[in-house]
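Everything below concerns the one structure shown next.
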Amino acid sequence: MAISGIEGLRQFLSGSESRRLEFKTASKQFDSDKLMKYCCALSCEGGGEMVFGVNDDKKIVGTQAFPDTAKTERDIYNRLGIRCTFEMVEADGRRVLILHIPRSIIGHPASFDGQYWMRNGESLEFMSPERLRELLNEAAPSFLDENEPGTYTWGEVTSRLAVERYYELTGSRLPNEESQIMDFLRLHFVERTAFDPRLFYIRRLGAVTLARSLRDFPDVEYHTIRVMRLRGSSITDLAFDRIYDKGYALVFSDVIDQINSLLPTRETFEDGLRKESRDFPEVAVREIVANACVHQNFDEHGSIDVTVGDQRITVSNPGIPEIPVNRFVDEVYERNESLSEALRMMRICEKRGSGIDRALENIEGQQTEAPEFVVKSRSTTVSLKKRRFDDMGMKERVNAAYLHCCLQASKGEYLTNSSLRARFGLAKNKSALISQLISTTVNQGLIFQDPATAGSRRTARYLPFYCRNENG
C-alpha cells in the first residue's frame, strides 16, 4: 500500500507500524547499511514504506537525512538491485521523507552483502532458512495448488470429494451440477484438463479439505488427524487411538467431539443444578487443532497428532513455524493460505490471525497455565496443561505473564499488576508476589515498562518486547 502526500502521511500516522511500514526519527542522519537491510526486509515482505522524520510517538519532527535523495536511490539500486523512490513531504513546516520500496522479484528475494534479512518486531535479523526457502520457491506452485494423479468426470469427482459437505458447512443449498463445477473451479479444489473440458484434475487442496478418503490421494494420504488417549503417562500405553483419514472439513467436528469425550471432567453444583466442566476449554482446543492443520508443512510426511492425558493435551503438526514462537500472538502469517481460507469459509477456522488469541482468552478465563510452544527438529507441538498458579514453576509463570502481556497488547491494553492477578485468580494480598513475577519477566527481556509510567509502581504498566520502538 503506497502512501503519497500529506494526507496519505497523516493517514498512516493515525495507525501503527506494520509489516510493510516503518517509522524512523533520523533527525540528523540514518546509517546506510541499516537502510539497505530494511529495504531488503520490506521488499521480501511484499514491499512497503519507510517514513523518516517521525519519532517513536508518531510525532512529526523532521529529518535532515539523505540530503541527496537521487544519489541514495542510485546507491540502493546498485547495491540491492531494487528501484526504491523517495518522496519528500512538507508537514508542519518540517521535511519528512517517504521511501517507497517495491516488492522483490518473485523467486529472487533481495539480499545485502550476501545475507537475507527479515524484520522481527522492531529489530532486524537474518532470515530464517524456511522463510528464505519459501521466497526462493515462490515462483513455483504451492504444494496444495498442484494436482493429485488421475483425471475424472464430475460424477467421479463427487464420489471422491464430499461436494455436498462444502455447501452444508457454508450454509448454502446444494446447487445444480454446473454451479457446483463453477464453484469448485473458483475455489481451486479442481481444475479442468486441457485436452477434454469434461474431465477434471483434483487438486491437493480439494483432497485435503473434502476427501471422502485420503487414501484415494497418494500425495496427501498421510496428512490425517490422529487422536490418542493415554492410559497413564507413557505414549506406549494407549487407552484410545483413532486415525481420521478423511478431509479436514468432514472430520474436524468429530475430532473435537472425540477429544472432549476423552477429557477428564469435573462436576460442580450451582443453584442446585449439576454442571459438568473440563479443565481444558473447548474453544482453546478447537483453535489449536485448527492452527495445527493450517500451519503444517505439507513437504513433511506426518499427521496432526492430538494426545490427551489426565494432566495435559499436546497437539503436534509436521514442520517448524515460519515465525518465532514468541510472536505467535501478534504476527499474522499463514503457511497454507488457500487451506486456511477454505476452512474459514466452511466455518472451521476463525478470521485470519485470531486463533491463538481466542485460545489464550479462554485459557485465561479458566486461570490455568498458558500454552507452551515447542519447536522440534521437524515438527511443532503446543502443550496445554491444567495447572494453576500455585502448581506452576517460575518458567511457566513467566510464560503465562508474557503471553498475557501479548494478549493485552493485541486489545490495545497493558499488563498491570491488577490484570495479571486477575489472570491467575489471585487476591490483592498477592500483589508483591506478582510484582516479583513481573520483574523477572522484565529481566528476561520479554516485557518492558511503558515509559509513560516510569518511576511509578502504583500505575506501572507493561508491553511486550516487540512494541519497543527503535530510534532511527
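Atoms considered below: every heavy atom in the structure, side chains included; atoms not considered: hydrogens, waters and symmetry mates.
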| request: Check the pair Y244 / F252 against ring pair (Phe, Tyr, Trp, His ring centres under 6.0 Å), numbers first and verdict last. | output: CA-CA 9 Å; Y244 293 81; F252 191 82; over 10 Å; no

| said: Between E413 and R461, is the salt bridge (Lys or Arg N to Asp or Glu O under 4.0 Å) condition met? List the steps. | reply: CA-CA 9 Å; E413 300 174 6; R461 61 191 190 188; over 6 Å; no

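A salt bridge links E168 with R165: at least one charged nitrogen is closer than 4.0 Å to a carboxylate oxygen. The existence of a salt bridge linking E45 and R103 is excluded, since no basic side-chain nitrogen approaches an acidic carboxylate oxygen closer than 4.0 Å. Classification of R388 and D391 as a salt-bridged pair fails, no side-chain N sitting under 4.0 Å from a carboxylate O. Under a 4.0 Å N-O distance rule, the pair R212/E164 qualifies as a salt bridge. Between E191 and R203 there is a salt bridge, since at least one side-chain N of the basic residue sits less than 4.0 Å from a carboxylate O of the acidic one. Checked for salt-bridge contact, K246 and D216 miss the test: no charged N lies under 4.0 Å from a carboxylate O. Using a cut-off of 4.0 Å between Lys/Arg side-chain N and Asp/Glu carboxylate O, R215 and E221 are scored as not salt-bridged.
Contact detail for V190 and L161: the closest heavy-atom pair is CG1-CD1, 4.3 Å. Of all heavy-atom pairs spanning F143 and R204, the tightest one is O-CD, 2.9 Å. Residue R423 comes nearest to T368 through the heavy atom pair NH2-O, 2.8 Å, listed as atom of the first residue, atom of the second, then distance. Considering all non-hydrogen atoms of both residues, M346 and A249 come closest at SD-CB, 3.8 Å. Heavy-atom minimum distance, R312 versus K385: CB-CG, 3.7 Å.
Here the options are R133, R131, R335, the test is salt bridge (charged side-chain N to carboxylate O under 4.0 Å, His left out), and the partner is E322; only R335 passes.
A cation-pi geometry, defined here as NZ or CZ lying under 6.0 Å from the six-membered ring centre and within 45° of its normal, does not hold between R119 and Y38. Judged by a 6.0 Å distance limit and a 45° cone about the ring axis, R79 is not positioned over the six-membered ring of F112.
Of the inter-residue distances, the one linking E287 atom CD with I348 atom CD1 reads 11.5 Å to the nearest 0.5 angstrom. Atom-to-atom distance recorded for T170:OG1 and R344:CZ is 15.5 Å, nearest 0.5 angstrom. Atom OG of S316 is separated from atom CG of D305 by 6.0 Å, given to the nearest 0.5 angstrom.
Atom CZ of R458 has 12 or fewer heavy atoms from other residues, nucleotides or ligands within 6.0 Å. R387 CZ: more than 12 foreign heavy atoms inside a 6.0 Å radius. When the shell of 6.0 Å around NZ of K386 is examined, it contains more than 12 heavy atoms from other residues, nucleotides or ligands. Residue K411 places its NZ atom among more than 12 non-hydrogen atoms of other residues, nucleotides or ligands, all under 6.0 Å distant.
Between F30 and F52, the ring-plane angle classifies as perpendicular under the 30° and 60° cut-offs.
The side-chain hydrogen bond (donor to acceptor under 3.5 Å, both in side chains) test applied to Q311 returns no partner, not counting sequence neighbours.
Using modelled atom types, no side-chain atom of N317 and backbone atom of I304 make a donor-acceptor pair closer than 3.5 Å. No donor-acceptor pair under 3.5 Å is formed between the side chain of N399 and the backbone N or O of K395.
Side-chain atoms of S435 and N417 include a donor-acceptor pair closer than 3.5 Å.
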